[in-house]
Amino acid sequence: MKGTALAPLRDRRFRWYFASRAVDLIGDIMGGVALVFAVLEVSSSASALGIVLAAHSIPMVAFLLVGGVLADRFGRTLIIQLSNLTASVTALAIAALVLTDNAEIWQLAALSAVNGVAAAANQPALAGLLPQLAPEGALQSANALNGLLRNSALVIAPALAGGLVVGVGAGWAIAINGATYLLSALLLLPIKLPAPPPRDDGDSILKDLRTGWGFFRRTTWLWVIVLAFGVLNALASGGFNTLGPAHAKDTEIGVHGWALILSAGAAGLVVTSIVFLRVPLRRPLLLGMLGCAVYAGQMIALGTTTELWVLLVAAFVGGAGIEVFGLGWELAMQEHVPPDMLSRVYSYDMLGSYIAIPVGQLAFGPLGEAFGVQHMILAAGLAYAAISLLTLGSRSVRSLTRATVSTTSAPVS
């Protein structure tokens, strides 16, 4: 691993991809944090926040399968660029409404829904693009660098967003996010990849979906983890992402404290990414699901205390744990799924993993009002830890090892 730790950055195409992702991630994360507090300014109800978040998640989930097929058919860079342009328009429209004090919940929900459709195309395309750009034998390094970039943005962007929200208002952070979507699309222009192979007339979208589904249902470790994350993501989106900021706003944690918690979690992600630039991850799913159980600790802490230092430590450790899973999952997918159907299989993964997110976003607001916000955060954390450990009852999850043959340089689309 030592000789290949930074090998992907020596590749020109990967550098352009890396720059595009850097701009996109900082803007997107900052815009997401700002949107939460923009919604809470319009309505202080956690249920209203859940509605806006679900308005993004529902169309994203609904169109993920189509997004995966489009990425495999028409080229991943093109689909990413088109989705970023769409997202730019929606973010700038939201910013205009917020900055002019004309924002209403239904408007924010409608624009978030359009952004969700763009994300449905963007995410499978991004997931399938990285293995095409990683040099031979450097797939873990490419994923670790990508994770390091994402996690560094998670450290910087929430704190930046918190400063902007407190200083000049959420609208400006959302406006910057709109500009970063556009710049990110432009930075992908120098990347030239082989065109996708020509399709037979009989290769319909439905046929492509059936092919991807056949692989998905035959692969036990794949559907077991996706099934688990259908519940885990609902718990995290409802217990942490929806109730968390509302709880922070109403306690001594505050807006700034919540931004620090997000940044502490991201710091744990960053440290883990650096470690795995050098250390091979040989049992990606075994260690990954143990990392998920550790991640639950930040919800358990938030559900039991408002001491900021405790929450920061728990968030750091939780971030480290979930990054182990993130890297392990990417390696499992990229090394064990055929390259020509990678975006489609990723779309099935994302569909199953994300489908219950709107349920968590919509349900935890009323549940928090009925049973207590902090109590529901604690319940979500305990359930998250239990489900993570239960997945290890599957031998295919515990025993999956790294592939012996690299697929990092396969030029599929």
Side-chain angles (χ1 to χ4, degrees), residues 23-60 63 81-122 153-154 156-187 237 241-250 253-260 262-263 358 361-362 365:
V23 171
D24 190 26
L25 284 165
I26 291 174
D28 198 29
I29 295 165
M30 185 174 64
V33 173
L35 179 62
V36 166
F37 291 106
V39 172
L40 291 173
E41 285 299 318
V42 177
S43 171
S44 60
S45 167
S47 296
L49 176 58
I51 289 170
V52 174
L53 295 177
H56 177 274
S57 301
I58 291 170
M60 181 184 70
F63 288 98
Q81 288 169 315
L82 291 175
S83 65
N84 275 7
L85 292 175
T86 303
S88 176
V89 171
T90 62
L92 292 173
I94 290 172
L97 290 170
V98 172
L99 290 170
T100 58
D101 294 323
N102 290 316
E104 298 180 18
I105 293 298
W106 73 267
Q107 295 169 322
L108 299 179
L111 289 166
S112 294
V114 177
N115 194 290
V117 175
N122 184 281
L154 283 166
I156 297 167
L160 180 58
L164 286 172
V165 170
V166 173
V168 297
W172 287 110
I174 298 170
I176 293 170
N177 183 202
T180 58
Y181 279 128
L182 178 59
L183 179 57
S184 177
L186 293 174
L187 287 170
S237 65
N241 297 329
T242 302
L243 293 185
H247 176 59
K249 187 172 182 287
D250 292 338
I253 297 170
V255 173
H256 186 62
W258 181 250
L260 289 175
L262 296 180
S263 293
Q361 291 167 333
L362 293 170

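Between Ala248 and Ile253, the shortest heavy-atom contact is CB-CG2, 3.7 Å. The two residues Pro59 and Ala120 have their closest heavy-atom pair at O-CB, 4.3 Å. Of all heavy-atom pairs spanning Ala96 and Thr100, the tightest one is O-OG1, 2.7 Å.
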Would you list the atom pairs, donor with acceptor, under 3.5 Å between side chains in residues 33-40 and any protein atom, with sequence neighbours excluded?
none

If you look only at distance, which donor and acceptor atoms sit under 3.5 Å apart when one is on a side chain in residues 165-175 and the other is two or more places apart or in another chain?
none

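By the 4.5 Å heavy-atom criterion applied to side chains, Leu53 and Thr242 are counted as neighbours. With contacts defined as side-chain heavy-atom distances shorter than 4.5 Å, the pair Tyr181/Leu85 does not qualify. Taking 4.5 Å as the limit, every side-chain heavy atom of Asn84 sits out of range of all side-chain heavy atoms of Leu182. Contact check for Val114 versus Val89: no side-chain heavy atoms found under the 4.5 Å cut-off.
Interatomic distance, Leu183 CG to Ile26 CD1, rounded to the nearest 0.5 Å: 11.0 Å. Summarising the geometry, atom OG belonging to Ser112 is positioned 12.0 Å from atom CE belonging to Met60; distances are rounded to the nearest 0.5 Å. Between Leu82 atom CG and Thr86 atom OG1 the span is 7.0 Å, to the nearest 0.5 Å. Distance check: Leu262 CG to Ile29 CD1 gives 10.0 Å after rounding to the nearest 0.5 Å. Rounded to the nearest 0.5 Å, atoms CG (Asp24) and OG (Ser88) are 10.5 Å apart. Of the inter-residue distances, the one linking Leu92 atom CG with Ile176 atom CD1 reads 11.0 Å to the nearest 0.5 angstrom.
Remark: side-chain polar atoms of Thr180 are paired, donor with acceptor, to backbone N or O of Asn177 under 3.5 angstrom.
Applying the side chain to side chain donor-acceptor pair (under 3.5 Å) criterion to Glu104, with sequence neighbours excluded, gives Trp106.
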